[in-house]
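What you see below is based on every heavy atom in this structure, not just the backbone, and it leaves out hydrogens, waters and symmetry mates.
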Amino acid sequence: MRIYWTKKSESRFLEIYNYILTEFGEKSSKKFKDKVFDFLELLERFPELGTLEVPDKNIHGFQISKQTRIFYRINKDHISLLTFFDSRQDPKKKSN
């Protein structure tokens with residue numbers, strides 16, 4: 001199944017990636033990026049991999065790392081990445 005990134009998921013991924021790069025260095029940011037793309041490869045083959053978070057909207061979630069969770073929706077012919085949530089960052093700083 002094909003995976004599509006929403007603008008919000010692209011933006012949040014880059015925010016988290018840059019945060020990790022700034023706070024923890026290049027090695028950690030690469031590790032995060034590799035985990036995300038390894039998960040996306042699995043998700044293409046096994047769309048039901050994560051847990052069903054919002055059944056009526058078909059939204060699933062998956063814990064990428066101890067601090068980061070990804071949310072996605074399974075559609076008929078594709079998967080939409082909705083957003084990433086990183087518990088390391090102060091949620092009060094995020095307005096979206």
*Report yes or no: does Arg73 contribute a side-chain atom to a donor-acceptor pair with the main-chain N or O of Lys57 at less than 3.5 Å?*
yes
*Please answer whether the main-chain N or O of Gln67 pairs with a side-chain N or O of Ser87 as donor and acceptor at a distance below 3.5 Å.*
yes
*asked:* For residues Phe37 and Ile16: do they belong to one hydrophobic cluster (side chain heavy atoms under 4.5 Å, members Ile, Leu, Val, Met, Phe, Trp, Tyr)?
replied: yes
*Please lay out, stage by stage, how Lys7 and Glu10 fare under the test salt bridge (Lys or Arg N to Asp or Glu O under 4.0 Å).*
CA-CA 5 Å; Lys7 287 182 182 181; Glu10 286 180 24; over 6 Å; no
_Within this structure, what is the CD-CD1 distance for the pair Glu26 and Ile20, rounded to the nearest 0.5 Å?_
13.0 Å
*Please examine the side chains of Ser29 and Phe24, heavy atoms only from C-beta on, and report whether any two atoms are closer than 4.5 Å.*
no
*About how many Å separate CE of Met1 and CD1 of Ile74, when rounded to the nearest 0.5 Å?*
7.0 Å
*Do the side chain of Arg12 and the main chain of Thr83 share a donor and acceptor less than 3.5 angstrom apart?*
no
*From Thr51 OG1 over to Arg69 CZ, what is the distance, rounded to the nearest 0.5 angstrom?*
4.5 Å
*May I ask you to test the His60-Ile79 pair for a side-chain heavy-atom distance under 4.5 Å?*
no
_Is it the case that the side chain of Tyr72 and the backbone of Gly50 share a donor-acceptor pair, with hydrogens and angles ignored and the cut-off at 3.5 Å?_
yes
*Aromatic rings Phe39 and Phe62: how do their planes relate, parallel, tilted or perpendicular, breaks at 30° and 60°?*
parallel
*Any link between Leu40 and Tyr4 through a network of hydrophobic side chains (Ile, Leu, Val, Met, Phe, Trp, Tyr) touching at under 4.5 Å?*
no
*Any link between Leu52 and Ile70 through a network of hydrophobic side chains (Ile, Leu, Val, Met, Phe, Trp, Tyr) touching at under 4.5 Å?*
no
*With no hydrogens and no angle check, is any side-chain donor or acceptor of Thr6 less than 3.5 Å from a backbone partner on Leu81?*
yes
